[in-house]
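Model, not experiment: these values are computed from the prediction.
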Amino acid sequence: MKKALLSAACLGSATVFAQVKDSVQTNNVDEVVMTASRKKESIKEIPSSVTIVAEKQIQSQLTVNSDITSILQYTVPSLGTNSGQTSNTGQTLRGRQVLVLIDGIPQSTPLRNGARDIRSIDPSVIERIEVIKGASSIYGNGADGGIINYITRRSKSDKTISGLTQVGFTGQSYGGTLGVRASQLLSGKVNKFDYVFSLAYERTGYMKDADGVSLSPTYSTAKMDNYNGMLKIGYDINKDQRIEASYIGYSSRSDLSLGLVTGKYGIKPTIGEGVGKNLETTPQGTPKNHNFRINYDNQNLFWGTTSLNFNAYMQDFKTVYGYSDTFFGGGQSNVISKKYGARINFDTKLWNAQNSQAEIMYGMDILNDQTVQKLEDGRYWTPDMNMTNLAPFLLVKVDLLKKLTIKGGLRYENMSVNVGDFNTLSSVKSDGTFTTSIFVTGGKLKYNALVANLGIRYNVEPFLNLFGSFSQSYSINELGRILRTSTQGTIQSLETKPIIVNNYEFGATGQISKWVNYEITSYVSTSKLGASFVQSADRALTIQRSPEIVYGVEGFLHFTPTRWVNFGGSYSWMEGITSVKDDGDYSAKINNSRISAPKVLAYVQFRPIPALSVGLDMLHAFEQDRFQPNAKTGLYLYGEGYVPDYTIFNFKASYEVNRNWKVSLGVENVFNKMYQPAIAWWSARDSEFVNSLGARGTAMIEYKF
């Protein structure tokens with residue numbers, strides 16, 4: 001893939017936490033290339049903060065835990081910690097929702113955010129992960145906090161066939177926890193054709209806490225079958241033209257049949273025990289996520305001054321949740337989404353002198369998103385929503401004296417959503433009675449706006465590179481949730497205005513001597529009309545629409561004093577405030593479901609001999625005490641619960657037996673610490689107060705040919 005279309009509205013810096021860990025040993029940080037501006041470019045040209053999780057980091061983390069939400073929490077400083085479950089609720093980026101992509105194909109369902117978009121691919125097929133931090137509009141709807149783009153593997157060999165075989169076992173020191181995973185990657189080149197073919201399968205065992213007690217079956221990853229397949233075929237028409245087609249499919253299904261024993265918030269965890277009621281009509285998980293893509297590149301269009309990239313795609317997605325008696329008569333909900341899209345991107349050189357260059361990138365993005373949330377028995381929870389987005393864009397980039405880079409861009413969002421007629425779903429209230437179903441007349445909602453970005457980077461010296469940027473996002477995130485709780489008979493009466501986020505960022509990065517790298521970044525994002533889940537008087541969740549400000553800092557340090565050891569870490573902190581009455585009073589805080597606690601990531605890696613690598617990773621989440629419980633009941637509202645601090649260590653080691661064989665060992669939560677994930681505390685609900693996974697080991701054998 002010559003151009004993996006990524007963000008132009010988040011014009012990225014990227015001396016990045018995860019990538020630097022792979023490159024400091026060879027002092028080649030400046031050679032890191034990413035695709036954040038719709039074309040490949042060095043991170044020295046990118047004027048805002050980006051994290052690249054490279055292939056070595058992904059494979060190293062895979063030895064500890066194959067769950068991509070876990071890999072990201074250990075490699076992206078400003079990303080919230082994971083829940084340890086199939087849902088990525090609360091795993092926000094800089095306090096806002098993130099848009100997830102696979103090779104530029106949207107995986108998120110912003111019209112009805114089902115919180116299963118991060119966990120939509122097996123890491124064995126990922127070559128790198130590009131995390132664009134801060135509001136971005138270049139991919140359209142849903143990137144209020146940034147973008148996570150999974151870039152899949154490509155053929156790197158001129159051999160007819162080469163491959164990578166991995167077989168691994170996972171387990172805890174308790175019965176029933178044994179799991180297995182296997183993956184096979186084949187790639188090669190035949191004349192002008194190249195290909196990549198991959199299959200991956202994982203079967204998990206029971207998941208147990210540090211005392212050997214089964215974790216809650218709600219959103220559980222236990223007893224789950226995970227499948228992933230990829231086929232990518234490319235053809236080099238000539239030295240300037242290439243066409244590529246790909247299919248990526250992912251599926252997860254759990255056959256866990258554990259009973260649910262509800263605990264007491266802050267006192268006794270909710271656990272799995274006994275046999276479940278077997279009320280599920282469908283195994284929970286993501287039964288299908290099909291992605292089709294065709295990409296055409298022409299590097300020599302219009303007399304060599306212009307290049308063209310055309311990208312067309314389709315995604316077919318369905319995820320299913322567990323049985324719930326909160327619906328009248330009980331039931332299982334799902335989110336179903338189909339997307340059809342195309343991107344046309346031209347890149348024209350304006351001039352190319354010795355000390356200055358300039359180019360202009362322009363084109364059109366087209367997206368049709370059809371999303372609905374139903375129960376498995378066919379009842380609608382949201383109406384059918386059919387969104388069409390036509391968005392022309394333009395980006396100008398100027399490089400001066402090989403030190404100063406200036407980028408600016410515009411994008412015109414033109415969205416329309418057709419909403420079908422529907423009956424609201426009767427669901428339980430706090431007093432045990434059920435809401436009354438009402439008929440809601442649908443119609444068409446229209447949205448449009450011009451959003452902009454501007455970024456500057458000045459590479460003063462190797463030890464000091466300064467960058468600053470302004471970028472905007474435009475989204476209609478969680479429209480379905482607003483519609484499904486309607487108390488009005490027509491959608492025109494509801495508050496469905498879009499979220500426009502303005503993101504401001506300033507930072508510095510550099511390399512001090514040959515063995516110290518650093519970055520520090522500060523940011524502020526504002527929105528005149530945000531969207532947060534809050535708890536109403538009857539303890540039901542509603543969406544609060546009010547002005548918001550989110551601000552924070554993050555940074556990292558990396559040291560490589562010798563060839564056989566490197567170590568470093570990162571720190572991230574954020575705060576969010578809101579004016580509930582839109583009266584200029586920002587004394588209220590955005591709750592913890594979006595504003596995650598400060599986080600420290602640290603690592604040390606030893607290589608006493610070339611064939612052996614031994615490392616230890618640490619995650620420390622600080623306590624979060626931002627709200628007070630109700631004075632009368634002593635209960636916290638949803639999202640406001642006190643979150644205690646915790647520290648987790650992971651161990652990993654690998655040994656290269658020879659050029660073909662490698663063995664690896666990883667232990668998650670190596671000291672078997674008993675703790676709860678952040679969501680268990682801030683959600684402040686008995687049913688969601690759950691323990692985290694105890695110590696769990698992974699042994700893997702790898703054969704490369």
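Environment of NZ in Lys338: sparse, with no more than 12 heavy atoms of neighbouring residues, nucleotides or ligands closer than 6.0 Å. The number of heavy-atom neighbours closer than 6.0 Å to NZ of Lys374, taken from other residues, nucleotides and ligands shown, is above 12.
Atom CG in Asn141 sits 8.0 Å away from atom CG in Asp144 (nearest 0.5 Å). Between atom NZ of residue Lys208 and atom CZ of residue Arg696 there is a gap of 13.0 Å, rounded to the nearest 0.5 Å. To the nearest 0.5 Å, the span separating CZ on Arg481 from CG on Leu111 amounts to 14.5 Å. Atoms CG and CD1, on Asn149 and Ile102 in that order, are 9.0 Å from each other to the nearest 0.5 Å. From Glu202, atom CD reaches atom OG1 of Thr204 across 6.5 Å, with rounding to the nearest 0.5 Å. Atoms CG and OG, from Leu256 and Ser214 in turn, are 8.0 Å apart once rounded to the nearest 0.5 Å.
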>> Let's go through Arg545 and Asp582 carefully: what are the C-alpha distance in whole Å and the side-chain angles of both, what is the deciding distance for salt bridge (Lys or Arg N to Asp or Glu O under 4.0 Å) to 0.1 Å, and is it a yes or a no?
In response: CA-CA 9 Å; Arg545 306 300 308 276; Asp582 194 10; over 6 Å; no
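A cation-pi geometry, defined here as NZ or CZ lying under 6.0 Å from the six-membered ring centre and within 45° of its normal, does not hold between Lys268 and Phe689.
A side-chain contact (heavy atoms from CB on, under 4.5 Å) with Ile482 is found for one member of Thr496, Asn477, Thr382 and no other, namely Thr496.
No hydrogens or angles considered: a donor-acceptor pair under 3.5 Å links the side chains of Tyr642 and Glu623.
For Phe434 and Phe328, the gap between ring centers is short of 6.0 Å.
Ring geometry, Tyr201 versus Tyr227: the interplanar angle falls from 30° to 60°, so the pair is classed tilted.
When all heavy atoms of Ser475 and Gly142 are compared, the closest pair comes out as CB-N, 3.2 Å.
The side-chain contact (heavy atoms from CB on, under 4.5 Å) search around Ser532 returns Glu548, Ile590, Arg594, not counting sequence neighbours.
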